[in-house]
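Presented below is the structure to which this report refers.
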Amino acid sequence: DAKTTQPPSMDCAEGRAANLPCNHSTISGNEYVYWYRQIHSQGPQYIIHGLKNNETNEMASLIITEDRKSSTLILPHATLRDTAVYYCIGNNFNKFYFGSGTKLNVKP
Amino acid sequence: KAGVTQTPRYLIKTRGQQVTLSCSPISGHRSVSWYQQTPGQGLQFLFEYFSETQRNKGNFPGRFSGRQFSNSRSEMNVSTLELGDSALYLCASSFGDSGANVLTFGAGSRLTVL
């Protein structure tokens with residue numbers, strides 16, 4: 001099962017890129033890496049996912065290392081509304097493991 | 001399209017009582033999973049149902065149970081409530097197929113046990 005490790009908190013200036021790292025050294029070859037975020041105890045919101053290749057969507061970019069042991073979520077231009085807890089999780093056939101997440105504080 | 005709907009949103013129970021929470025998934029989604037979120041333990045996987053069958057189960061006592069109906073709606077039940085069961089209970093739905101599986105979460109049901 002993919003256990004993930006993330007820094008507990010990070011700060012980012014508004015308008016700058018936020019780079020959130022995640023270590024998932026126990027991930028297996030067929031497990032996707034997913035990123036979600038949670039704002040004020042609402043339900044987690046999906047951001048992006050990937051398996052081997054880097055991915056980009058309208059919200060963020062996901063960079064996965066070649067050995068798949070770590071990844072980085074990039075929010076290209078962080079806004080105050082991006083302040084949230086960001087979770088990097090692995091999926092073992094529909095069993096998702098949420099770690100403690102990273103509290104991203106976007107400051108003006 | 002309508003999102004994942006959880007009811008009730010808030011409820012208060014006393015120790016020893018039981019509670020049933022409901023989750024209506026996104027139309028077409030066949031998988032429903034449940035999570036418990038507490039300040040101390042974070043988000044923890046309870047169980048997952050797919051086509052009316054429990055497919056995965058987390059490490060929770062037997063007091064926590066669930067079921068899924070033919071229309072994919074799901075309920076979870078907690079019997080003999082304890083103070084430690086106070087939490088935000090989140091439901092998520094997905095297509096449940098193999099490969100990448102994106103979960104869509106509901107807003108949650110916040111349970112307070114007194």
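All values derive from a computational prediction rather than experimental measurement. Here is how names work: the chains are called A, B, and so on, in the same order as the sequence lines, proteins then strands, and each is numbered from 1.
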Pick from A:Gly101, A:Pro44, A:Gly43, A:Ser100: which one has the most heavy-atom pairs with chain B under 4.5 Å?
A:Pro44

So, B:Asp85 and B:Lys13, do they make that salt bridge, N to O below 4.0 Å?
no

Of the options B:Ser24, B:Ser74, B:Pro25, B:Ser33, which is the one that meets B:Ser93 in a side-chain contact (heavy atoms from CB on, under 4.5 Å)?
B:Pro25

Honestly, is B:Arg55 close enough over B:Phe50, meaning NZ or CZ under 6.0 Å from the six-membered ring centre and within 45° of the axis?
yes

Using non-hydrogen atoms and a 4.5 Å limit, figure out which bit of B:Gln37 sits close to chain A: side chain, backbone, both or neither.
side chain

Just say parallel, tilted or perpendicular for the rings of A:Phe98 and A:Tyr36, cut-offs at 30° and 60°.
tilted

Given that the side chain runs from C-beta out, which part of A:Gln38 has a heavy atom under 4.5 Å from chain B: side chain, backbone, both or neither?
side chain

Per-residue contact mode, B:Leu90 against chain A (heavy atom under 4.5 angstrom)
side chain

